[in-house]
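In this text, all values refer to a predicted model and were calculated from it rather than measured experimentally. Below, chains carry the letters A, B, ... as their sequence lines are ordered, and counting in each starts from 1.
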Number of protein chains: 2
Amino acid sequence: MTELEKGPQGRRRGRGARERIISASQQLFRHQGINSTGMDQLCAAAEVSKRTLYQHFTGKDDLIAECLRRFDPDVLPEVFDRADLTPRDRLLAVFEIHAPLCPFIAAAVEIPDPEHPARVLARDYKLAFAARLTDSAREAGAPDPEQLGEQLALLLDGASARSRVLDTETLATAAAIAVVLVDRALTTPTHQNENHFQ
Amino acid sequence: MTELEKGPQGRRRGRGARERIISASQQLFRHQGINSTGMDQLCAAAEVSKRTLYQHFTGKDDLIAECLRRFDPDVLPEVFDRADLTPRDRLLAVFEIHAPLCPFIAAAVEIPDPEHPARVLARDYKLAFAARLTDSAREAGAPDPEQLGEQLALLLDGASARSRVLDTETLATAAAIAVVLVDRALTTPTHQNENHFQ
DNA sequence: CGTTAAGTGCACAGATCGGTTTACTTAGGG
DNA sequence: CCCTAAGTAAACCGATCTGTGCACTTAACG
């Protein structure tokens with residue numbers, strides 16, 4: 001991080017402005033919101049001239065989109081790619097990760113236009129996230145994995161939004177519900193369940 | 001509504017600018033967001049001069065706060081005050097009410113400062129809402145009404161936030177979870193439950 | 001009536017917004 | 001070592017933002 005890592009395209013000459021811009025943006029957007037962060041302030045935080053910023057991004061909208069694109073592009077691999085956990089434990093491990101307001105929810109609320117690139121990315125991410133939950137649910141043997149995945153996803157979004165409003169962590173509440181839902185789904189008296197993996 | 005109803009303080013002479021301002025604000029804030037709605041546009045929509053607006057409100061922040069204060073001040077009386085429903089049915093009836101993004105969540109996300117009057121109001125409302133759920137849960141005989149109330153509140157916030165991001169209604173998912181949680185709570189094998197009202 | 005408070009219209013302030021321009025400096029690989 | 005691409009600094013643009021000042025009109029009530 002102190003040294004300059006290879007740029008996005010590999011070859012780079014200067015001092016790596018692009019990376020600094022993105023990480024500064026992610027931080028400021030997170031802490032002050034998107035609309036409350038001006039381009040001047042952003043340049044100052046990234047220690048980058050305005051000229052340079054606009055050589056890397058066509059505008060603020062582009063920058064917002066890129067920030068979201070860089071945020072967890074593989075959708076929580078540190079949970080979903082853990083082979084040492086059973087599918088069931090993976091579903092529950094998601095509820096151990098404390099985080100501030102989900103940036104996709106933030107963008108969706110801050111940006112009115114539903115066709116804005118950032119809003120589209122937010123939608124895509126949420127769908128991808130639900131899909132990963134669904135995959136784990138299916139692996140775990142849930143009779144209706146799509147439903148369980150969607151339910152757990154809703155719990156996470158609820159915890160995120162509610163934490164923001166209440167200014168208090170509410171993930172534990174969501175986790176408690178998740179346990180109920182997962183247990184119920186994996187103990188249902190319908191045909192074959194009872195983890196047929198492991 | 002066509003006629004001018006008595007103003008907030010009872011005595012009023014003019015044409016009732018204040019009410020028009022508030023209702024126009026609620027509408028615009030809802031459809032465009034708070035930050036994306038300018039005072040000029042707001043005056044135009046309310047058919048009110050800017051001067052008048054600033055005679056009624058000290059500034060935009062004040063107006064935002066007043067809008068939230070006017071929004072559902074009695075916390076869903078059309079559900080919680082229905083005596084014809086059992087407490088259990090009241091808990092579930094909440095999940096029948098389709099609505100766009102909760103304005104309190106919107107304000108909490110759009111406004112960075114946690115001490116902003118609007119943020120405080122948002123927090124208070126969410127606490128009051130959870131309290132009403134808790135009351136019904138207690139009436140219904142839930143062994144841990146606070147927990148159930150908080151859980152159902154989280155479901156609603158999840159549905160609201162997620163609907164915004166996905167641009168799809170997700171209330172049905174929340175309702176499905178609610179049924180599970182309520183049934184579970186009211187059928188738990190601990191001491192006295194089994195609706196001792198009705 | 002006429003008085004009085006409510007509301008008007010519009011220009012204007014100062015700040016900040018996103019974004020551009022110009023002329024200049026630097027870093028690094030061949 | 002030099003050439004080229006990357007980055008710099010600061011002025012500047014028009015638009016828009018919240019909020020004021022001032023002279024004026026209107027509505028309602030006693």
Side-chain angles (χ1 to χ4, degrees), chain A residues 2-25 28-29 32-67 107 110-113 116-118, chain B residues 2-25 28-29 32-67 107 110-113 116-118:
Chain A
T2 22
E3 288 301 319
L4 47 93
E5 60 275 319
K6 287 302 177 65
Q9 295 87 354
R11 37 87 134 182
R12 254 207 48 259
R13 302 288 193 93
R15 274 212 231 69
R18 189 182 175 93
E19 302 305 312
R20 257 178 298 140
I21 294 170
I22 292 175
S23 78
S25 300
L28 283 175
F29 288 162
Q32 317 185 336
I34 295 172
N35 291 326
S36 306
T37 302
M39 298 302 270
D40 289 298
Q41 183 191 6
L42 222 143
C43 290
E47 292 181 284
V48 154
S49 78
K50 229 169 166 186
R51 196 73 184 81
T52 299
L53 192 152
Y54 279 99
Q55 263 154 8
H56 283 286
F57 304 97
T58 71
K60 193 180 185 181
D61 290 337
D62 186 24
L63 178 56
I64 298 169
E66 185 60 22
C67 284
E110 285 214 68
I111 302 169
D113 174 18
H116 188 291
Chain B
T2 21
E3 287 302 316
L4 44 95
E5 61 275 320
K6 286 301 174 69
Q9 296 87 356
R11 36 90 134 183
R12 255 207 50 260
R13 302 287 194 94
R15 274 212 230 71
R18 185 169 235 268
E19 303 306 312
R20 256 178 299 140
I21 294 169
I22 292 176
S23 79
S25 301
L28 284 175
F29 287 162
Q32 316 185 338
I34 295 172
N35 291 325
S36 305
T37 303
M39 298 302 269
D40 288 298
Q41 183 191 5
L42 223 143
C43 290
E47 291 181 286
V48 154
S49 77
K50 226 169 168 187
R51 203 73 191 83
T52 298
L53 191 152
Y54 279 100
Q55 264 152 8
H56 282 287
F57 304 96
T58 71
K60 193 180 185 179
D61 290 338
D62 186 25
L63 178 56
I64 298 168
E66 184 61 21
C67 285
E110 284 213 67
I111 302 170
D113 174 19
H116 188 292

Output the distance between atom [atom1] ([X]) and atom [atom2] ([Y]), rounded to the nearest 0.5 Å.
| X | Y | atom1 | atom2 | result |
| --- | --- | --- | --- | --- |
| B/L42 | B/T37 | CG | OG1 | 6.5 Å |
| B/T58 | B/L63 | OG1 | CG | 9.5 Å |
| A/R51 | A/C43 | CZ | SG | 11.5 Å |
| B/S36 | B/Q41 | OG | CD | 9.0 Å |

Bend of the helix from C/dC1-D/dG30 to C/dG30-D/dC1 from end-axis comparison, five pairs per end, nearest 10°, comes to 10°

Of A/I34 and A/R51, the one whose nearest nucleotide on DNA chain C sits closer to the 5' end is A/I34

Worksheet item: Okay, side chain of B/D61, backbone of B/H116: is any donor-acceptor separation there less than 3.5 Å?
Response: no

Quiz item: Got a donor-acceptor contact below 3.5 angstrom from the A/N35 side chain to the B/E110 backbone?
Solution: no

Q. Do B/K50 and C/dG9 share a donor-acceptor pair, side chain to base, under 3.5 Å?
A. no

On the nucleotide [N], are OP1 or OP2 found under 4.0 Å from the side-chain N or O atoms that [X] carries?
| X | N | answer |
| --- | --- | --- |
| A/H56 | D/dG7 | yes |
| B/T52 | C/dA6 | no |
| A/Y54 | C/dG19 | yes |

Exercise. Please work out if A/E47 contacts a base, only the sugar-phosphate, or nothing of the nucleic acid, heavy-atom cut-off 4.0 Å.
Key: sugar-phosphate

Margin query: Regarding B/T37, tell me which of base, sugar-phosphate or nothing describes its non-hydrogen contacts under 4.0 Å with the strands shown.
Written below: sugar-phosphate

Between [atom2] on [N] and [atom1] on [X], what's the gap in Å once rounded to a whole number?
| X | N | atom1 | atom2 | value |
| --- | --- | --- | --- | --- |
| A/R18 | D/dT8 | CZ | P | 15 Å |
| A/I64 | C/dC17 | CD1 | C1' | 13 Å |
| A/E19 | D/dG7 | CD | P | 10 Å |
| A/Q55 | C/dT22 | CD | C1' | 13 Å |
| A/M39 | D/dA15 | CE | C1' | 16 Å |
| A/L28 | C/dG18 | CG | P | 12 Å |
| B/L53 | C/dC10 | CG | P | 17 Å |
| B/N35 | C/dT16 | CG | C1' | 14 Å |

field: Candidate pair B/E66 and B/H56, rule side-chain contact (heavy atoms from CB on, under 4.5 Å), full reasoning
entry: CA-CA 11 Å; B/E66 184 61 21; B/H56 282 287; over 6 Å; no

